[in-house]
Amino acid sequence: MSTADLVLGIETSCDDTSVALVDRGGRVIACETVSQFDIHAEFGGVFPELASRAHLEAVLPTVSKVLKVVDGDISRIRAIGVTRGPGLIGSLIVGVNTAQALGLAWGKPVFGVNHLRGHLRSPDLEEKRITYPALLLLVSGGHTLLCHMLSATEITVLGTTRDDSVGETYDKVARMLDLGMPGGPALDRLAATGRAVHRFPRPMIREGYEFSFSGLKSSVARMLEKDPGVDRADVAASFVAACLDVLGTKVRRALGEHAAKSLVVVGGVAASQQIRQLVEDICTEAGIIPCLPPLRWATDNAAMIALATWDYVDRGAEADMRTVPSMALAAW
């Protein structure tokens with residue numbers, strides 16, 4: 001009889017349906033992700049109602065596809081982990097209901113996992129990369145977060161965003177520049193061809209570890225409204241420079257006040273080449289280890305949710321999926 005050595009992860013917080021099987025050491029046995037890009041492209045962003053419907057159609061076929069890798073042997077599944085929030089409530093409900101139904105049918109415990117905790121665990125997928133203590137910067141489409149980590153489960157939040165996340169701001173500025181979807185990567189590519197000649201504001205750059213990017217976004221909008229003929233590449237380069245300045249300043253401040261052997265940067269925006277270069281530069285200055293997940297694991301995926309679930313399993317936590325999804329940072 002095979003041992004229960006795998007966790008099944010389900011991630012449906014936004015616009016990708018993802019299911020994975022991951023072992024205790026972070027080895028990804030299988031991971032399948034169904035993109036909704038074609039559904040939302042015409043809207044220039046995610047349409048929540050269409051996202052939840054697409055999840056409903058995709059989630060069980062994706063589970064079946066992943067299970068084929070282990071010949072459908074559910075005896076190997078120790079537990080099921082599912083994103084419980086934050087995210088789009090309709091999308092979250094699809095994932096949570098699916099996990100609860102599978103748990104009931106298979107007799108497996110089901111754990112609700114905070115989406116951000118999943119990102120925090122993503123660098124240790126496939127191999128152990130984080131050296132503790134670590135400073136962690138999460139930069140995604142929904143959140144900007146700075147943490148100090150003594151271990152994978154001992155986490156102190158230093159600061160979060162008060163309004164738009166850096167990834168959300170990237171997407172909104174990309175929309176202003178008519179760059180299509182996904183906006184962040186397109187904005188990065190355009191910025192690489194321009195010059196940072198415009199001095200956009202650096203909100204809250206001298207104020208602790210909290211973040212605010214709404215004013216920066218508004219400043220870009222005002223410039224484009226005032227001067228429609230302005231060079232778009234220069235606007236993009238100047239915007240990215242402002243974001244990097246804010247992020248870099250706060251990370252350097254945190255490294256001066258909190259002991260760290262590595263700097264970990266996670267979330268979808270961690271795929272940005274400019275962000276990755278900033279991390280390399282800061283780590284060279286500080287003499288610490290740069291730690292970024294492979295590009296495949298930087299964006300939303302179920303493998304990170306499955307690995308985060310192992311943390312609950314290994315400490316003997318009680319399965320907790322008795323409640324509806326939460327959009328808050330509850331259950332952190």
Side-chain angles (χ1 to χ4, degrees), residues 119 122-123 129 134-147 159 161 164-205 209 211-221 223-224 230-255 262-286 288-300:
H119 276 303
S122 63
R129 296 181 177 88
L135 187 73
L136 183 139
L137 176 68
L138 187 153
V139 279
S140 71
H143 304 276
T144 305
L145 188 73
L146 193 61
C147 299
T161 185
D164 292 355
S165 71
V166 66
E168 182 181 3
T169 308
Y170 263 66
D171 287 341
K172 289 180 177 178
V173 170
R175 197 173 303 136
M176 295 175 197
L177 297 173
D178 298 320
L179 297 181
M181 181 183 169
L187 181 61
D188 261 350
R189 290 192 295 271
L190 181 61
T193 69
R195 300 169 300 147
V197 294
H198 304 293
R199 181 67 184 179
F200 289 128
R202 272 71 168 160
M204 299 184 69
I205 192 169
Y209 299 125
F211 296 92
S212 170
F213 292 98
S214 180
L216 171 57
K217 171 199 66 182
S218 299
S219 182
V220 174
M223 171 172 283
L224 293 173
V230 67
D231 187 286
R232 273 5 191 201
D234 288 349
V235 171
S238 301
F239 165 77
V240 169
C243 290
L244 295 181
D245 197 7
V246 171
L247 295 174
T249 297
K250 290 181 182 287
V251 167
R252 288 182 173 96
R253 181 182 301 137
L255 287 173
S262 62
L263 171 59
V264 185
V265 181
V266 298
V269 186
S272 161
Q273 291 305 310
Q274 286 95 326
I275 292 284
R276 288 179 169 250
Q277 185 59 57
L278 174 66
V279 173
E280 293 288 344
D281 293 343
I282 291 175
C283 289
T284 298
E285 295 168 11
I288 60 176
I289 302 168
C291 181
L292 297 108
L295 293 179
R296 180 184 182 189
W297 307 126
T299 53
D300 292 352

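The structure presented is a predicted model; accordingly, all values stated were derived computationally and were not measured.
- In this structure, Q274 contributes its side chain and V240 its backbone to no donor-acceptor pair below 3.5 Å.
- For the pair D188 (side chain) and S272 (backbone), a donor-acceptor distance under 3.5 Å is absent.
- The minimum heavy-atom distance linking C291 with P123 is given by the pair SG-CB, 3.8 Å.
- Across every non-hydrogen atom of G159 and F211, the tightest pair is O-CE1, 4.3 Å.
- Between W297 and V266 the shortest side-chain heavy-atom distance does not fall below 4.5 Å.
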Donor-acceptor list for residues 197-205 side chains, cut-off 3.5 Å, not counting sequence neighbours:
from, atom 1, to, atom 2, distance (Å)
R202, NE, D245, OD2, 3.1
R202, NH1, F200, O, 2.7

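- Under a 3.5 Å cut-off, the side chain of S122 and the backbone N or O of H119 do form a donor-acceptor pair.
- In terms of the side chain to side chain contact (heavy atoms under 4.5 Å, CB included) criterion, residue partners of A236 (sequence neighbours excluded) are, by chain and number, L177, L187, L190, A191.
- Screening residues 170-190 for ring-ring contact (aromatic ring centres under 6.0 Å, His included), with sequence neighbours left out, gives Y170-F239.
- Annotation: side chain of L138 is in contact with side chain of L136 (closest heavy-atom distance under 4.5 Å).
- Shown here are the side-chain hydrogen bond (donor to acceptor under 3.5 Å, both in side chains) partners of E280, two or more places apart in sequence or in another chain: there are none.
- Under the rule for a side chain to side chain contact (heavy atoms under 4.5 Å, CB included), the partners of R276 that lie at least two apart in sequence or sit in another chain are Q273, L292, L295.
- Every residue was checked against the side-chain hydrogen bond (donor to acceptor under 3.5 Å, both in side chains) condition with R189, not counting sequence neighbours, and none meets it.
- The side-chain hydrogen bond (donor to acceptor under 3.5 Å, both in side chains) test applied to D281 returns Q277, not counting sequence neighbours.
- Residues L135 and I288 form no side-chain contact, since every pair of their non-hydrogen atoms from C-beta on lies 4.5 Å or further apart.
- In this structure T161 satisfies the side-chain hydrogen bond (donor to acceptor under 3.5 Å, both in side chains) test with no other residue, sequence neighbours excluded.
- A donor-acceptor contact shorter than 3.5 Å links the side chain of S165 to the backbone of S140.
- I289 has its side chain out of reach of L263: every pair of non-hydrogen atoms, C-beta onward, lies at least 4.5 Å apart.
- At a threshold of 4.5 Å between non-hydrogen side-chain atoms, the residues L137 and L145 do not count as touching.
- The closest side-chain heavy-atom distance from M223 to S218 is not below 4.5 Å.
- Here the closest non-hydrogen pair linking L278 and L244 is CD2-O, 3.8 Å.
- Counting only residues at least two apart or in different chains, salt bridge (charged side-chain N to carboxylate O under 4.0 Å, His left out) contacts with residues 211-221 comprise D164-K217.
- The CG atom of D171 lies 11.0 Å from the CE atom of M176; values are rounded to the nearest 0.5 Å.
- Among residues two or more places apart in sequence or in another chain, the salt bridge (charged side-chain N to carboxylate O under 4.0 Å, His left out) test is passed with R253 by none.
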Please step through side chain to side chain contact (heavy atoms under 4.5 Å, CB included) for the pair T144 and L247, ending with a clear verdict. CA-CA 9 Å; T144 305; L247 295 174; 4.2 Å; yes
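- Sequence neighbours left out, the pairs with a member in residues 230-244 that pass salt bridge (charged side-chain N to carboxylate O under 4.0 Å, His left out) are R195-D234.
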Applying side chain to side chain contact (heavy atoms under 4.5 Å, CB included), run through R252 and E285 and close with a yes or a no. CA-CA 9 Å; R252 288 182 173 96; E285 295 168 11; 2.9 Å; yes
